[in-house]
Number of protein chains: 2
Amino acid sequence: MQSRTPASRTGRPRSAAADAAILAATREGLVELGWSGLTLSDVAARAGVAKTTLYRRWSGKHELVVDAVAELFDELVLPDRGSLAADIEGVVLQFAAILNRPEAKCGLMGVVAESTRDDALRERVRTSIVERQKRLVLAGRARAQERGELPPEADPEESARTVDLIFDMAAGAVVHRTLVSGKPADEEWARGFTHILLLGLTTPAPNLTPPGKTVS
Amino acid sequence: MQSRTPASRTGRPRSAAADAAILAATREGLVELGWSGLTLSDVAARAGVAKTTLYRRWSGKHELVVDAVAELFDELVLPDRGSLAADIEGVVLQFAAILNRPEAKCGLMGVVAESTRDDALRERVRTSIVERQKRLVLAGRARAQERGELPPEADPEESARTVDLIFDMAAGAVVHRTLVSGKPADEEWARGFTHILLLGLTTPAPNLTPPGKTVS
DNA sequence: GCTATTACGCTACGACTCGTAGCGAAAGCT
DNA sequence: AGCTTTCGCTACGAGTCGTAGCGTAATAGC
């Protein structure tokens, strides 16, 4: 939503049912028409709502789709599969499953495309979708540390960098696999991905910040 | 181009200069207007070409942008920096530099968004842009094998899978870093990424296809 | 219950883009 | 020359955009 109701005003309140109907209609429209085919008139018709109501709540297609897609990714959970490797695989597969839904793919990519020219929109995408799911990485690492699979973090700053890197690698790889390569991110693929990611994490970093380049 | 001239027909040939002007105008339009703001009328005006000429050569915005963006990625080369790690870093940084240009970002993402609902378009993206650049991974691996940094590949089938995986991880991570996270894929980031990727590659895979899950 | 205030549905609007058709002129090939 | 194809131009109906205006519906406060 863009203009959150300030606590409680006087007058007729906004229909929460309409919000749900609109977001659902948006996803439905994305499935059938795709990003550039989606029109707000169509969404309004599907939701059984006047077009003007849409514009009263969202400033345009971009913002609306962000909210519609964000709901999809809230389904993600961190399953306890017993080992860090299995946990990573589990999340990757869940993410792949969501990204396999047409409304998620084209909605997300369309919004990302527009956000390259609109800083406010990119920030909205980041906070509404991406940053929310970073919880999975944090929870997974914490659990792995309890198990003793990962050492407790020393430098908090580098720790944050590592979380960001993991997230970029995981989310990016799944997106690229399913959307660009057009092949399924199935169990076998997730296993290969996890194998590479995990080795890099468990092996102590030689020098990420220090001197020059003794990477060998 | 969509309708390649069959060798040489009789009649006035298509102006190659117009092609170049149109593609350049498309990129220019992407910078200023973004994906959804880009109109073919505008491109025609910029290129000094009639709108009808555009439609004679491309079937629509999607196809046109694919060609316009594909040219950008042909700038990629594999520098010989002396080690596999340095080579990977070099390519990653080059890729990041290209993806940092606004016309590349929004053009690529816009096309990918549409390609989620258009198999033909996705295939076009794959062959025109993605598959072309897979040469870098192949060349880099070959060079690393000459150096003795990587073992010669045994199973050709699994080898192909690994190349795909590397490509998905590298391209996906850079895209996600620059477009979604909105942070620069600079040298430090590339170093961290290469560190993780490389350890996973040089360590012999325990079981990618076999039994169940003896990972950890 | 009455009133103030806000949300809602509906209609209509000008501005714009889309993709195509039709025409005469230009530019090559043989 | 003559033939063939491209090109630039104009015009067109269809469709979308985001907004404005109006009457009605649904709450909160009194």
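Below, chains carry the letters A, B, ... as their sequence lines are ordered, and counting in each starts from 1.
Atom-to-atom, CG of B/L33 to P of C/dC18 comes out at 11 Å; the value is rounded to the nearest Å. Atom CZ of A/R56 is separated from atom C1' of D/dC22 by 11 Å (rounded to the nearest Å). Going from atom CH2 of A/W58 over to atom C1' of D/dG18 covers 17 Å, rounded to whole Å. Summarising the geometry, the separation between CZ on B/R57 and C1' on D/dT6 is reported as 8 Å, rounded to the nearest angstrom. Residue B/L38 contributes atom CG, which lies 18 Å from atom P of C/dC16 at whole-angstrom precision. Remark: C1' of C/dC18 and CD of B/E63 are 16 Å apart, rounded to the nearest angstrom. Atom C1' of nucleotide D/dG18 and atom CG of A/L40 are separated by 9 Å, given to the nearest angstrom. Between B/L54 atom CG and C/dC18 atom C1' the separation is 13 Å, expressed in whole Å.
Closest contact between the side chain of A/Y55 and the listed nucleotides C/dC8, D/dG18, C/dG19 involves D/dG18. Considering only the side chain of B/T52, C/dT20 comes nearest among C/dT20, C/dG28, C/dG19. Relative to the side chain of A/T53, the nucleotides C/dA7, C/dG9, C/dA12 differ in distance, and C/dG9 lies closest. For A/A50, the side-chain atoms get nearest to C/dG9 when compared with the rest of C/dC8, C/dG9, C/dG19.
Within 3.5 Å, a donor on the side chain of B/R12 pairs with an acceptor on the base of C/dA26, or the reverse. Between the side chain of B/K51 and the base of C/dG19, a donor-acceptor pair under 3.5 Å is found. Put simply, the side chain of B/R14 and the base of C/dG28 share no donor and acceptor less than 3.5 Å apart.
Residues A/E75 and A/Q94 bring no donor and acceptor atom of their side chains to less than 3.5 Å of each other.
For the pair A/R124 and A/D67, the minimum side-chain heavy-atom distance is below 4.5 Å. Put simply, the side chain of A/V175 does not reach to within 4.5 Å of the side chain of B/V112, judged on heavy atoms.
Taking CG of B/L197 as the start and CD1 of B/I88 as the end, the distance is 5.0 Å to the nearest 0.5 Å.
Comparing B/K61 and B/P13, the nucleotide of DNA chain C nearest to each residue sits closer to the 5' end for B/K61.
The aromatic rings of B/F73 and B/F95 sit tilted relative to each other, their planes meeting at an angle between 30° and 60°.
Contact annotation for A/G37: no contact, since no heavy-atom pair falls under 4.0 Å across all strands.
A sub-4.0 Å separation between OP1 or OP2 of D/dC7 and a side-chain N or O of B/S15 is absent.
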